[in-house]
Amino acid sequence: LNAPRSFFGVEDFLDDDNSRPYTCKEEKKSKNTTKHISFKQRTVAYMEPFTLDVFISKRFVSASLTHRVTSKQVAVAGTNSKDIKAVLRSRSDIPACLAIGRILAERAREADVYTASYTPRERDKFEGKIRAVVQSIIDNGIDVKI
């Protein structure tokens, strides 16, 4: 009960081990203080420089190959483009996905890209239309690492 009073006249309530006032927050300390980045994390962008991005909505399908280091799109294909839109009956079904994969593979080969890596988004499952696009790209000569 004879706790010392603080400067402002309010009692300092101590925590369980009586080391400091309870108002003082402990900072979270990371386990790795040096923030070491592994060799693989540093070099993966250069070892596998091209990434495949597939976007499928209710109305259209689009896919692109992007260079990781420079963030430039090397090849792009989508069912909203004029030349593809006229040929397809539907812009979001499986045959449209297969056509997008074939066209993207042709454009990638023109840009001298023969390998790419694909990482699905969190909400995407690797099945159905996404699998059709990726399989079509693989069938047309581009090696895709999943």
Taking the six-membered ring for Trp, are Phe50 and His67 parallel (under 30°), tilted (30 to 60°) or perpendicular (over 60°)?
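If you compare the ring of Phe50 with that of His67, the planes turn out perpendicular.
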With a cut-off of 6.0 Å (strictly less than), are more than 12 heavy atoms of other residues, nucleotides or ligands near CZ of Phe126?
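Yes, the 6.0 Å shell around CZ holds more than 12 heavy atoms from other groups.
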Above 12 or not: heavy atoms from other molecules or residues under 6.0 Å from NZ of Lys145?
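12 or below, so no.
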Between [X] and [Y], what is the shortest heavy-atom contact and its length?
| X | Y | answer |
| --- | --- | --- |
| Leu65 | Ala108 | CD1-CB, 3.4 Å |
| Asp83 | Ser81 | OD1-OG, 3.1 Å |
| Ala111 | Val74 | CB-CG1, 3.3 Å |
| Thr66 | Ser71 | CG2-C, 4.0 Å |
| Ile142 | Val113 | CD1-O, 3.2 Å |
| Ile84 | Gly78 | CD1-O, 3.3 Å |

Answer yes if [X] and [Y] sit in the same cluster of Ile, Leu, Val, Met, Phe, Trp and Tyr residues linked by side chain heavy atoms under 4.5 Å apart, and no otherwise.
| X | Y | result |
| --- | --- | --- |
| Leu98 | Phe60 | no |
| Ile138 | Val61 | yes |
| Ile146 | Ile56 | yes |
| Val54 | Ile94 | no |

Atom pair OG (Ser64) and CD1 (Ile100), whose distance is rounded to the nearest 0.5 Å:
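With rounding to 0.5 Å, OG (Ser64) is 11.5 Å from CD1 (Ile100).
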Nearest 0.5 Å, what's the CZ-NZ distance between Arg131 and Lys125?
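The NZ atom of Lys125 is 14.5 Å from CZ of Arg131, to the nearest 0.5 Å.
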Kindly indicate whether the side chain of [X], heavy atoms from C-beta on, has any atom under 4.5 Å from the side chain of [Y].
| X | Y | value |
| --- | --- | --- |
| Leu104 | Leu52 | yes |
| Glu106 | Asn140 | no |
| Ile137 | Tyr118 | no |
| Arg59 | Arg91 | no |
| Glu48 | Arg68 | yes |

Between the side chain of Arg107 and the main-chain N/O of Val76, is any donor-acceptor distance below 3.5 Å?
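Confirmed, Arg107 side chain pairs with Val76 backbone.
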Between the main-chain N or O of Ser92 and the side-chain N or O of Lys129, is there a donor-acceptor pair closer than 3.5 Å?
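Side chain of Lys129 to backbone of Ser92: a pair is present.
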N-O pairing of Asp53 and Arg121 below 4.0 Å
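Salt bridge between Asp53 and Arg121, a charged N being under 4.0 Å from a carboxylate O: yes.
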